[in-house]
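Not measured: the values here are computed from a predicted model. No hydrogens, no waters, no symmetry mates; every other heavy atom, side chains included, goes into these values.
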2 protein chains.
Amino acid sequence: MSRPTQYQRDTALEAAMQVFWQKGYHATSLKDLEAALEMKPGSIYAAFSNKENLYLLSLDRYFDRSLTRFQALMDDAPSALAGLADHLRGFAKMPPQDHARQVCMLTKTLVDTTNTDPEIAARTKAYLERIREAFTAAFERAKAEGELPPDADCARLARRFQASISAIRFELHLGTDPEDITALAEDFAREIEALRQDT
Amino acid sequence: MSRPTQYQRDTALEAAMQVFWQKGYHATSLKDLEAALEMKPGSIYAAFSNKENLYLLSLDRYFDRSLTRFQALMDDAPSALAGLADHLRGFAKMPPQDHARQVCMLTKTLVDTTNTDPEIAARTKAYLERIREAFTAAFERAKAEGELPPDADCARLARRFQASISAIRFELHLGTDPEDITALAEDFAREIEALRQDT
DNA sequence: TGGGTTCTTGAGTGATTGATCAAATAATAT
DNA sequence: ATATTATTTGATCAATCACTCAAGAACCCA
């Protein structure tokens, strides 16, 4: 056996991401990883160096996927504000058994590691910022398309938008009644739509 | 030495709450607790049974304090909505070195323990609910005092209010620029004030 | 001062942590 | 088929985990 087999590595990373996302960095043990990746300790270390590095790779994966999905949604959206509102409603619409029905992995990571693992926290912070920049860009697009007034503070709106997502996802994490979550998402989505100026 | 010395126990619990709040349940080791409480392992176990129990006691303490402070603020408020808006602005106004400049301990606990320690998570969920109930009651008071229209959905407003707090505190946790945090809190506070109907 | 009780001490418990590596296995090259 | 290289294996490592307990210190009342 000589090929690194990209597919196998990808599958393993996906599994690692899932366990880490579920249990968090500190609560995930090597035993957990061995079970999830179906790999013995030696193989894990040969492939991913150590636990922290594996976590960082999982974070990369999560970040790439999140950003890509958002961009895809925005590309298909009839208007920037419509896309943003849709993004919020999308979280509430996730099927009940969806593994993503929980708090954002970046948020969770920061809560978990800010005061204990500076390296992980720093990278995560950077990722959260880049996602917020994507939100800012989306609001800028809304402005360019005349949906928002020229004096709208896009960075400020982006921060609020990110906060709305965190709030919805935290409720998903809690297992709050789907109706209540839909109501919350609806509130936030309408706030976005209410920004639209008549043209 | 025969007295349990309520004062000493209280001091120890306060210290425990602080470490746990800072590092989280899983990342806090007994060594950390020994250092923080200035107690040897034997004494800790004699006084608090075990780590989980000590954590639960810390949670109790945190919850009691949070609720009490909110109630005190509401009692002094000129009106219910004013008190609620003030509560939001208060987080942004916390001094830079304040140890409470971080995510809510209940939120952190749920992120940290939902998929690993059901007992802790359950109690924490109950506490968060009770706090939200206090928020609901505050909105009800606003309604009774004519600040809100009779058909206002107080439970829904309370959930959004709680979400706003989480968002602000998460930014505190991240160490976001104080100006940006003030702006975010201001946005949320004005949303509350905008609910006021003219009487 | 002395006897009795309570509380504190910290070395030590077994279990588990993240991590290692020589040996075994599998794949390719010859 | 054989030699060479690449990969996987799992027993094992030291360190740390949450936790215990026999021994000593600190207190009380006599």
Could you state the [atom1]-[atom2] distance from [X] to [N], rounded to the nearest angstrom?
X	N	atom1	atom2	result
A:D32	C:dT16	CG	C1'	12 Å
B:Q8	D:dC27	CD	P	10 Å
A:I44	C:dT17	CD1	C1'	14 Å
A:E34	D:dA11	CD	P	11 Å
A:E38	D:dT9	CD	C1'	15 Å
B:L37	C:dT9	CG	C1'	15 Å
B:K31	C:dT17	NZ	P	17 Å

Just to confirm, is there a sub-4.0 Å distance from OP1 or OP2 of [N] to any side-chain nitrogen or oxygen of [X]?
X	N	value
B:Y45	D:dC19	yes
A:K40	D:dG10	yes
B:S29	D:dC17	yes

> Between C:dT17, C:dG10, C:dA19, which nucleotide gets closest to the side-chain atoms of B:P41?
Replying inline: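 In terms of side-chain proximity for B:P41, the closest of C:dT17, C:dG10, C:dA19 is C:dG10.
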
> Given C:dG18, D:dT20, D:dT8, which nucleotide is nearest the side-chain atoms of A:L30?
Replying inline: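 Per side-chain heavy atoms of A:L30, the pick is C:dG18.
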
>> Taking the cut-offs as 6.0 angstrom to the six-membered ring centre and 45 degrees off its axis, would you call B:K108 and B:Y25 a cation-pi pair?
In response: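 No.
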
>> side-chain hydrogen bond (donor to acceptor under 3.5 Å, both in side chains) for A:Q22 and A:Q18? Distances and angles first, verdict last.
In response: CA-CA 6 Å; A:Q22 289 291 330; A:Q18 293 296 343; 4.8 Å; no

> If you take all heavy atoms of A:E193 and A:A85, which pair is closest and at what distance?
Replying inline: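 Scanning both residues completely, I find the closest heavy atoms to be OE2-CB, 3.7 Å.
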
>> Please find the pair of heavy atoms, one from B:L84 and one from B:M74, that lie closest to each other, and give the distance.
In response: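 For B:L84 versus B:M74, the nearest heavy atoms are N-SD, 4.0 Å.
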
> Hey, which of these two, A:H26 or A:S43, hits DNA chain C nearer its 5' end, going by closest nucleotide?
Replying inline: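 Counting from the 5' end, the first nearest nucleotide belongs to A:H26.
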
>> Strictly below 4.0 Å, N to O, side chains only: are A:E186 and A:R190 in salt-bridge contact?
In response: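 Here A:E186 pairs with A:R190 in a salt bridge, since their nearest N and O are under 4.0 Å apart.
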
> B:D112 and B:T109: side-chain donor and acceptor closer than 3.5 Å?
Replying inline: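 Their side chains do not contain a donor-acceptor pair, so the 3.5 Å distance test is not met.
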
> According to the interplanar angle, ranging from 0 to 90°, do the rings of A:F91 and A:H87 count as parallel (below 30°), tilted (30 to 60°) or perpendicular (above 60°)?
Replying inline: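 A:F91 and A:H87: perpendicular rings.
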
>> At a heavy-atom distance below 4.0 Å, what parts of residues 46-58 of chain B sit against DNA chain D?
In response: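 Correct list: B:N50, B:K51.
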
